[in-house]
Amino acid sequence: MGPDGTHPRVLKGLEDVMVGPLLIIYQRSWQSGEVSADWKLVNIILIYKKGVREDPGNYGPVSLTSVPGEIMENIRLGTIERRLKNNVIIRHSQHGFTKGKSYLTNFISFYDKVTHLMDEGKVVHVVFLDFSKAFDTVPHSNLLDKLSSCGMSGFTVRWVKHVLKGRAQMVVANRATSCW
């Protein structure tokens, strides 16, 4: 469960009853740009990956958010992704942060291109850059400006702005919690 204490199974079990009210909430949130404070809270828990359970390095962090908020974010993300793909802002060669693609598909594509060029007798120069933490450091104002310049509606840009503003997280481990 996320910080709001709502278990996903509860919403799933009540989906017939909850669809109408959630749709109204989602539409009003998008149109007004207002985002529930509960949707901006995140519980960070540790999930065991492998190895010795006593070694903290064998655990990975997982973010638990409000399920209704996460559903809304996924709806908006889908809309943004479709707009970017339809306007050819995200190219087919984009692998990072692209559904169905990964570092592995990027590597295979890269390897195929390099071997093809080498087979043609061409020289290949390669530079590797690691942008794995780049999104963590992007100023939100720049991101919002990019969304606007890509043709996103004012509703979408305003909504994203409010989603990014005022987020807080708490680490939860062994029934103990950190401060927000």
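All residue numbers in this chain count up from 1 along the given sequence.
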*asked:* Between Arg83 and Asn86, does the side chain to side chain contact (heavy atoms under 4.5 Å, CB included) criterion hold? Intermediate values first, please.
replied: CA-CA 5 Å; Arg83 178 84 183 216; Asn86 291 342; 6.0 Å; no
*Would you check if the side chain of Asn87 reaches a backbone N or O of Ile89 as a donor-acceptor pair within less than 3.5 Å?*
no
*Linking I/L/V/M/F/W/Y whenever any side-chain heavy atoms sit under 4.5 Å apart, do Val126 and Met118 land together?*
yes
Side-chain donor-acceptor pairs under 3.5 Å in residues 105-113, sequence neighbours left out?
| unit_1 | atom_1 | unit_2 | atom_2 | d |
| --- | --- | --- | --- | --- |
| Thr105 | OG1 | His95 | ND1 | 2.8 |
| Thr105 | OG1 | Ser102 | N | 2.8 |
| Thr105 | OG1 | Ser102 | O | 2.9 |

*What closest approach, in Å, do Ile80 and Met152 show between heavy atoms, and which atom pair accounts for it?*
O-CE, 3.6 Å
_CG-CZ distance between Leu23 and Arg28, expressed to the nearest 0.5 angstrom_ = 10.5 Å
*If every non-hydrogen atom of Leu164 is compared with every non-hydrogen atom of Leu143, which pair is closest and at what distance?*
CD1-CD2, 4.0 Å
*With sequence neighbours left out, write down each residue that passes salt bridge (Lys or Arg N to Asp or Glu O under 4.0 Å) with Glu54, or none if nothing qualifies.*
none
_side chain to side chain donor-acceptor pair (under 3.5 Å) contacts in which one or both residues fall within residues 142-154, not counting sequence neighbours_ = Ser153-Thr156
*State plainly whether one hydrophobic cluster holds both Ile71 and Leu14, where clusters connect Ile, Leu, Val, Met, Phe, Trp and Tyr through side-chain heavy atoms under 4.5 angstrom apart.*
yes
*For Ile47, which residues count as a side chain to side chain contact (heavy atoms under 4.5 Å, CB included) partner, sequence neighbours excluded?*
Ile45, Val62
*Which residues pass the salt bridge (Lys or Arg N to Asp or Glu O under 4.0 Å) test with Lys49, sequence neighbours left out?*
none
*Mind jotting down which residue pairs meet the ring pair (Phe, Tyr, Trp, His ring centres under 6.0 Å) criterion with at least one end in residues 62-89? Sequence neighbours excluded, please.*
none
*Which distance, rounded to the nearest 0.5 Å, do you find between the OG of Ser32 and the NE2 of His162?*
7.5 Å
*asked:* Suppose we screen for salt bridge (Lys or Arg N to Asp or Glu O under 4.0 Å). Which residues come up paired with Lys12, at least two apart in sequence or across chains?
replied: Glu15
*Could you give the distance from OG (Ser36) to CE (Met72), rounded to the nearest 0.5 Å?*
11.5 Å
*What about Val138 and Leu84, same hydrophobic cluster or not, with Ile/Leu/Val/Met/Phe/Trp/Tyr joined at side-chain heavy-atom distances under 4.5 Å?*
yes
*asked:* Between Trp30 and Leu77, is there shared hydrophobic-cluster membership here, with clusters defined by ILVMFWY side-chain heavy atoms closer than 4.5 Å?
replied: no
_From CD (Gln27) to CG (Leu22), nearest 0.5 Å_ = 11.5 Å
*Does His92 offer a backbone N or O that forms a donor-acceptor pair with the side chain of Lys101 under 3.5 Å?*
yes
Can you give the donor-acceptor pairs under 3.5 Å from side chains of residues 166-179 to other protein atoms, not counting sequence neighbours?
| unit_1 | atom_1 | unit_2 | atom_2 | d |
| --- | --- | --- | --- | --- |
| Arg167 | NE | Val163 | O | 3.1 |
| Arg167 | NH2 | Glu73 | OE2 | 2.6 |
| Ser178 | OG | Val171 | N | 2.8 |

*With sequence neighbours excluded, give me every salt bridge (charged side-chain N to carboxylate O under 4.0 Å, His left out) pair touching residues 31-45.*
none
List the atom pairs, with distances to 0.1 Å, where a side-chain N or O of residues 2-11 and a protein N or O form a donor-acceptor pair under 3.5 Å, not counting sequence neighbours.
| unit_1 | atom_1 | unit_2 | atom_2 | d |
| --- | --- | --- | --- | --- |
| Asp4 | OD1 | Thr6 | N | 3.1 |
| Asp4 | OD2 | Ser66 | OG | 2.8 |
| His7 | ND1 | Arg9 | N | 3.1 |

_Backbone of Leu64 reached by a side-chain donor or acceptor of Asn43 within 3.5 Å_ = no
*Do you reckon Leu144 sits in the same ILVMFWY cluster as Trp159, going by side-chain contacts under 4.5 Å, direct or chained?*
yes
*Using the salt bridge (charged side-chain N to carboxylate O under 4.0 Å, His left out) rule, collect all pairs that involve residues 148-165, keeping only residues at least two apart or in two chains.*
none
*Pairs satisfying ring pair (Phe, Tyr, Trp, His ring centres under 6.0 Å), at least one member in residues 33-64, at least two apart*: Tyr26-Trp39, Tyr48-Tyr59
